[in-house]
*Asks:* 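One structure is given below, represented as structure tokens, and several questions about it will come after.
A quick note: this is a predicted structure, and the numbers were derived from the prediction, not measured. Counting begins at 1 with the first residue of the sequence.
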Amino acid sequence: MTAAVSAREALALVTDDFTELPAAAGPGGDGPIDWPGYGRARAAAAARSGEDESVVCGTGTVGGTRTVLVSFEFGYLGGSIGEGTGDRVAAAHAHARAHRLPVTVLLATGGSRMHEGMRALVQLQRLAGESARTRAAGLPQLAVLRDPTTGGGWATLGAGSDVVLALPGAQVGFAGSRVRPRDADPAAHTAESQLAHGHVDAVVPAAELREVLGRWLSLLTRPAEGPVPPPYALGATEPAASGRDAVARARRPERPRADRYLAEVFTERAELSGDRVGGTDPGTRCGFGRLPDGRTVAYAAQCGTATRPAGFRTAARLVRLAGRLGIPVLTLIDTPGAANDAEAERAGAGPAIAELFGAVAEAPVPVTALLVGEGGSGGALALAAPGNTWATPDSYFSVIAPELATAILKRAPEDADATADDLRLRPDDLVALGVVRGVVGARPAPEGGRADG
């Protein structure tokens with residue numbers, strides 16, 4: 001899907017049906033600032049595109065979920081945003097709030113409409129306000145970035161959405177091609193670059209867009225009820241004999257990792273990507289998953305690597321979004337600790353961890369945490385749920401790694417095993433200390449009961 005695809009063709013690509021909302025007439029004549037020839041330009045744009053404004057708004061069904069749709073018509077004055085655009089988008093958001101529907105925007109815009117001057121530019125505040133009211137109402141907002149998505153459209157309806165998908169090769173950026181510095185790298189203004197830098201969740205081929213968008217809409221509108229039960233253990237089931245044994249188990253390469261637990265818990269998943277401030281962390285998985293009963297749970301999972309600042313910020317983004325949508329959260333803890341290199345410090349490791357601590361503490365939905373491997377200091381604790389954290393038998397949680405504690409205490413390196421015992425980091429120790437609620441067991445045989453603590 002490119003700029004040559006009309007607003008209605010874009011709608012037909014993703015919807016099973018579409019009903020247009022009533023639309024008010026746009027400004028007459030040469031508009032609010034009497035731009036010479038504006039009336040003629042609008043008439044010519046309408047003749048070319050078949051539309052009388054830069055957006056088509058209505059309701060439709062995408063993959064079985066009803067949603068309000070806002071589709072931009074790039075053929076109408078470059079999909080530019082004017083007062084008429086603002087009127088229609090505001091009415092679409094009001095309809096979504098009145099009928100408790102998610103909002104999906106199919107963007108293709110060059111930005112604000114010059115022909116209406118500042119009256120056009122202030123529509124960005126209006127769009128941001130409508131989006132904020134819809135957000136406060138607990139309704140999800142999704143954006144699909146077509147080619148091009150630039151200027152204020154990207155900076156409001158695009159980047160301001162909860163989930164941002166983009167089509168391959170789409171031009172995406174605040175600066176359009178005609179206003180960038182001459183030496184600007186064009187590759188920086190692409191959907192793929194925005195994905196790599198944490199501003200887009202996925203680049204989706206047009207042929208897959210209906211399925212992917214439908215999955216997201218379904219997941220974000222069917223929350224599970226109550227706290228998520230901790231998953232069953234997929235690895236060792238017997239208690240660790242010592243602190244040294246607990247650490248060794250958690251560090252085994254073959255130990256079950258987050259991906260195995262996520263595959264065991266969910267029948268279907270959709271992942272968020274990026275912290276929205278320029279970073280991604282491949283060692284952190286965040287998204288929404290479908291339980292066997294069809295309901296949705298949000299998840300944030302560490303994958304055994306040192307967690308980068310972007311990973312903490314992405315997890316905080318996930319927890320806040322789940323809280324607004326009323327979706328319970330499951331976290332899987334598995335990290336030797338927060339990344340502590342110079343790059344991590346420059347990226348704000350401390351503020352990122354603080355952000356996640358705050359998001360979990362303030363979450364209006366139940367959060368369940370399961371320690372599935374290494375629990376290294378504050379970088380692991382940031383994903384723990386106060387009062388509802390569990391542990392698998394092949395895990396440990398410690399204020400600091402035994403080797404580092406040994407060095408700080410000026411003990412001999414060979415004393416690391418004894419230090420591990422002194423730290424009382426075994427799962428059973430954590431239960432006795434009141435740090436975790438219990439140690440989960442393996443899934444019982446069909447006729448048995450659950451052994452999880």
*Asks:* Would you say that Val70 contacts Cys57 through its side chain, given a criterion of any heavy-atom pair below 4.5 Å between the two side chains?
*Replies:* yes
*Asks:* Decide side chain to side chain contact (heavy atoms under 4.5 Å, CB included) for Gln123 and Ser112; before the verdict, give the C-alpha distance in whole Å, the side-chain angles of both, and the deciding distance to 0.1 Å.
*Replies:* CA-CA 8 Å; Gln123 296 306 309; Ser112 299; over 6 Å; no
*Asks:* Using only atom types and a distance under 3.5 Å, with no angle test, would you say the side chain of Thr335 pairs donor to acceptor with the backbone of Gly304?
*Replies:*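 Looks like no, no N/O pair under 3.5 Å.
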*Asks:* Answer yes or no: is there a side-chain heavy-atom contact under 4.5 Å between Leu371 and Leu430?
*Replies:* yes
*Asks:* With a 4.5 Å heavy-atom cut-off, do Ile81 and Thr109 have their side chains touching?
*Replies:* yes
*Asks:* Is the shortest distance from a Lys or Arg side-chain nitrogen in Asp52 or Arg88 to a carboxylate oxygen in the other one below 4.0 Å?
*Replies:* yes
*Asks:* Okay, side chain of Asp275, backbone of Gly278: is any donor-acceptor separation there less than 3.5 Å?
*Replies:* yes
*Asks:* Do the charged groups of Arg320 and Glu355 touch, with an N to O distance under 4.0 Å?
*Replies:*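 Between Glu355 and Arg320 there is a salt bridge, with a charged N closer than 4.0 Å to a carboxylate O.
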*Asks:* Show the nearest heavy-atom pair for residues Gly279 and Ala310, with the distance to one decimal.
*Replies:* C-CB, 3.4 Å
*Asks:* Just one of Val212, Thr67, Val163, Val14 clears the side-chain contact (heavy atoms from CB on, under 4.5 Å) bar with Leu217, so which one?
*Replies:*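 That would be Thr67; it is the only one of Val212, Thr67, Val163, Val14 passing the side-chain contact (heavy atoms from CB on, under 4.5 Å) with Leu217.
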*Asks:* Dump the intermediate steps for side chain to side chain contact (heavy atoms under 4.5 Å, CB included) on Leu77 and Tyr38, then the final yes or no.
*Replies:* CA-CA 10 Å; Leu77 299 177; Tyr38 179 37; 4.0 Å; yes
*Asks:* Ion pair present between Arg210 and Asp16, side-chain N to carboxylate O less than 4.0 angstrom?
*Replies:* yes
*Asks:* Any luck finding a side-chain donor-acceptor pair between Thr314 and Thr284 under 3.5 Å?
*Replies:*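 No, no side-chain donor-acceptor pair sits under 3.5 Å.
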*Asks:* Please round to the nearest 0.5 Å and tell me the distance separating atom CG of Leu220 and atom CG of Leu325.
*Replies:*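 Nearest 0.5 Å value for the CG-CG distance: 6.0 Å.
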*Asks:* On a heavy-atom basis, which atom in Pro231 and which in Tyr261 lie closest, and how many Å separate them?
*Replies:*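 What the structure gives for the nearest pair is CB-CD2, 4.2 Å.
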*Asks:* Could you tell me whether a side-chain N or O of Glu192 sits under 3.5 Å from a main-chain N or O of Gly169, the two making a donor and an acceptor?
*Replies:* yes
*Asks:* Would a distance-only check, ignoring hydrogens and angles, find a side-chain to backbone donor-acceptor pair under 3.5 Å from Arg42 to Glu53?
*Replies:*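 A pair under 3.5 Å: no.
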*Asks:* If you count the non-hydrogen atoms of other residues, nucleotides and ligands that lie under 6.0 Å from CD in Glu268, is the total more than 12?
*Replies:*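 Yes, CD of Glu268 has more than 12 neighbouring heavy atoms, counting only those of other groups under 6.0 Å.
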*Asks:* Using the rule given for side chain to side chain contact (heavy atoms under 4.5 Å, CB included), can you reason through Leu291 versus Phe266, listing the C-alpha separation, both sets of side-chain angles and the distance that settles it, and then say yes or no?
*Replies:* CA-CA 5 Å; Leu291 297 173; Phe266 300 119; 3.8 Å; yes
*Asks:* Scan side-chain atoms only and decide if Tyr232 and Glu264 contain a donor-acceptor pair under the 3.5 Å cut-off.
*Replies:* no
*Asks:* Say whether, by atom type as modelled, one donor and one acceptor occur between the side chain of Asp30 and the main chain of Pro36 under 3.5 angstrom.
*Replies:* no
*Asks:* Measure across Ala270 and Leu219 and return the closest heavy-atom pair with its distance rounded to 0.1 Å.
*Replies:* CB-CD1, 3.6 Å
*Asks:* I need the Thr280 OG1 to Leu272 CG distance, nearest 0.5 Å.
*Replies:*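 Answer rounded to 0.5 Å: 13.0 Å.
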*Asks:* When rounded to the nearest 0.5 angstrom, what is the spacing between CZ in Phe74 and CD in Glu51?
*Replies:*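 If I round to the nearest 0.5 Å, the distance is 15.0 Å.
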*Asks:* Would you call Arg257 and Asp334 a side-chain contact if the rule is heavy atoms closer than 4.5 Å?
*Replies:* yes
*Asks:* Could you go step by step and tell me if Arg66 and Thr61 meet the side-chain hydrogen bond (donor to acceptor under 3.5 Å, both in side chains) rule?
*Replies:* CA-CA 4 Å; Arg66 200 75 181 165; Thr61 304; 2.8 Å; yes
*Asks:* Please evaluate residues Val172 and His199 with respect to the criterion side chain to side chain contact (heavy atoms under 4.5 Å, CB included), reporting the C-alpha separation (whole Å), side-chain torsions for both, the decisive distance (0.1 Å), and the verdict.
*Replies:* CA-CA 10 Å; Val172 179; His199 306 303; over 6 Å; no
*Asks:* Arg113 versus Thr85: any side-chain heavy-atom pair under 4.5 Å?
*Replies:* yes
*Asks:* Would the number of heavy atoms belonging to other residues, nucleotides or ligands and lying under 6.0 Å from CD of Glu211 be above 12?
*Replies:*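 Incorrect, the count does not exceed 12.
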*Asks:* Can you check whether Ala369's main-chain N or O pairs, donor with acceptor, with Thr389's side chain at less than 3.5 Å?
*Replies:* no
*Asks:* Locate the shortest heavy-atom distance separating Leu318 from Val329; write the atom from each residue and the value.
*Replies:* CD1-CG1, 4.4 Å
*Asks:* Between Glu20 and Arg8, is there a salt bridge with N-O shorter than 4.0 Å?
*Replies:*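 Judged by the 4.0 Å cut-off on N to carboxylate O distance, Arg8 and Glu20 do form a salt bridge.
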*Asks:* Does His95 NE2 have over 12 foreign heavy atoms under 6.0 Å away?
*Replies:*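 Above 12, so yes.
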*Asks:* Kindly compute the distance separating CG (Asp281) from OG1 (Thr305), expressed to the nearest 0.5 Å.
*Replies:*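 That separation rounds to 5.5 Å.
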*Asks:* So, for Val228 and Pro328, which heavy atoms are closest and what is the spacing to 0.1 Å?
*Replies:* CG2-CB, 3.9 Å
*Asks:* Under a 4.0 Å threshold between the charged nitrogen and the carboxylate oxygen, would Glu130 count as salt-bridged to Arg97?
*Replies:*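 Salt bridge between Arg97 and Glu130, a charged N being under 4.0 Å from a carboxylate O: yes.
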*Asks:* Is a salt bridge present between Glu73 and Arg48, judged by a nitrogen-to-oxygen distance below 4.0 Å?
*Replies:*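 No, Glu73 and Arg48 are not salt-bridged.
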*Asks:* Hey, are the side chains of Ser161 and Val103 touching, using non-hydrogen atoms and a 4.5 Å cut-off?
*Replies:*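 The answer is no; the side chains never approach within 4.5 Å.
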*Asks:* Ignoring hydrogens and angles, tell me if any N or O in the side chain of Arg295 forms a donor-acceptor pair with the backbone of Pro292 under 3.5 Å.
*Replies:* no
*Asks:* Do Gln141 and Ser131 pair up side chain to side chain, a donor and an acceptor below 3.5 Å, judged on atom types alone?
*Replies:*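 A donor-acceptor contact under 3.5 Å links the two side chains.
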*Asks:* Can any side-chain N or O of Thr368 pair as donor or acceptor with the backbone N or O of Pro229 at less than 3.5 Å?
*Replies:*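 Not a single qualifying donor-acceptor pair exists.
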*Asks:* What are the two closest heavy atoms between Pro32 and Glu83, and how far apart are they?
*Replies:*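 Distance-wise, the nearest heavy atoms are CG-OE1, 3.8 Å.
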*Asks:* Quick check: do Leu381 and Phe357 have side-chain heavy atoms less than 4.5 Å from each other?
*Replies:*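 Yes. Closest side-chain heavy atoms under 4.5 Å.
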*Asks:* Do NZ/NE/NH1/NH2 and the carboxylate oxygens of Asp201 and Arg276 come within less than 4.0 Å?
*Replies:*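 A salt bridge links Asp201 with Arg276.
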*Asks:* Nearest 0.5 angstrom please: Leu332 CG to Ser395 OG, how far?
*Replies:*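 Separation between the atoms: 11.5 Å.
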*Asks:* Under a 3.5 Å threshold, yes or no: a donor from one side chain and an acceptor from the other, between Arg222 and Thr65?
*Replies:*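 Result is yes, a qualifying pair exists.
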*Asks:* Take the angle between the ring planes of Phe288 and Trp216 and call it parallel below 30°, perpendicular above 60°, tilted in between.
*Replies:* perpendicular
*Asks:* Any chance you could measure Arg146, atom CZ, to Ser71, atom OG, to the nearest 0.5 Å?
*Replies:*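 If I round to the nearest 0.5 Å, the distance is 4.5 Å.
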*Asks:* Can you find a pair of side-chain heavy atoms, one from Arg437 and one from Asn388, that are under 4.5 Å apart?
*Replies:* yes
*Asks:* Indicate yes or no for a side-chain donor-acceptor contact from Thr331 to the backbone of Leu383 under 3.5 Å, with no hydrogens or angles considered.
*Replies:*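 Yes; judged by distance alone, with no hydrogens or angles, the pair exists.
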